[in-house]
Amino acid sequence: FLALTALVLLAVPLSAQTADEIVGKYVKAIGGMDKINALKTLQRSGKFTGGGGFEARVTQENKRPEMVREDFLIQGMDGVTAYDGKNGWKIDPFQGKKDPEPLGEDELKDIIADADFDGPLVNYAAKGNKVEYVGTEPVEGTDAYKLKVTMANGEVRYYYMDTDYYVPIKVETKRMIRGAEREFETSLGDYKEVDG
């Protein structure tokens, strides 16, 4: 009986974790709640790679409590989408429009989700989000915990968390754009510590 128990114990993955444990380690990895709450502004930048091989520079600037501005720069044109906590607007030079105009319903829903300063994992339950651990999966040769995040607005995102550092290395999102569902994949990396 003792040998059978040892075999059963060895068959259980040693790295099995709950969604709460993974999210807790993520919060700790990014500085803990005190450091997170001390932040007032946040800027992210990167590149967008679209079909046909074109690239655009993207930036996202957030300010507490729920303000965001997103810029999409390609071939000298800058598309802007923004939300000030109450109203959303955009400038869409790609459609020949140079003046600000209000966002449509789907666009407003998306920008409100992007305005969440801390992201959907931090204090997820208080925001009405649901997080489920759905296993592990490799991402470009790196093992990752896969979390299914169902946002309060119904949107589903999959977060792939590095198993060593507990930070997201990929996020898959499905969004409605002009009445059609579109899939987006965001790759994250080059993490650096800044003031803890």
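A quick note: this is a predicted structure, and the numbers were derived from the prediction, not measured.
- Taking the charged nitrogens against the carboxylate oxygens, Lys25 and Glu21 have no contact shorter than 4.0 Å, which rules out a salt bridge.
- At a threshold of 4.5 Å between side-chain heavy atoms, the hydrophobic network of Ile, Leu, Val, Met, Phe, Trp and Tyr places Phe94 and Ile111 in two separate groups.
- Note that CG of Leu147 is 8.5 Å distant from OH of Tyr133, once rounded to the nearest 0.5 Å.
- Classification of Asp99 and Lys97 as a salt-bridged pair fails, no side-chain N sitting under 4.0 Å from a carboxylate O.
- Counting heavy atoms of neighbouring residues, nucleotides and ligands inside a 6.0 Å radius, atom CZ of Arg57 does not exceed 12 of them.
- At distances below 3.5 Å, at least one donor-acceptor pair connects side-chain atoms of Asn37 with backbone N or O atoms of Met33.
- Of the residues Lys63, Glu61, Gln60, Arg69, the one that meets the side chain to side chain contact (heavy atoms under 4.5 Å, CB included) test with Gln43 is Glu61.
- Legend: residues meeting ring pair (Phe, Tyr, Trp, His ring centres under 6.0 Å) with Tyr166, ordered by chain and number and at least two apart, are Tyr145.
- The cationic atom of Lys170 (NZ for Lys, CZ for Arg) does not lie both less than 6.0 Å from the six-membered ring centre of Tyr159 and within 45° of the ring axis.
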Begin with the C-alpha distance, continue with both residues' side-chain angles, and end with the deciding distance and a verdict on side-chain hydrogen bond (donor to acceptor under 3.5 Å, both in side chains) for Asp162 and Tyr26.
CA-CA 9 Å; Asp162 182 277; Tyr26 164 65; over 6 Å; no

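- The number of heavy atoms from other shown groups lying within 6.0 Å of CG (Asp164) is above 12.
- A centroid separation of less than 6.0 Å is found between the aromatic rings of Phe72 and Phe48.
- Ionic pairing of Lys174 and Glu155 is not present here: no N-O contact between side-chain nitrogen and carboxylate oxygen is shorter than 4.0 angstrom.
- Residues Val68 and Asp114 share a closest heavy-atom pair of CG2-O, 4.1 Å.
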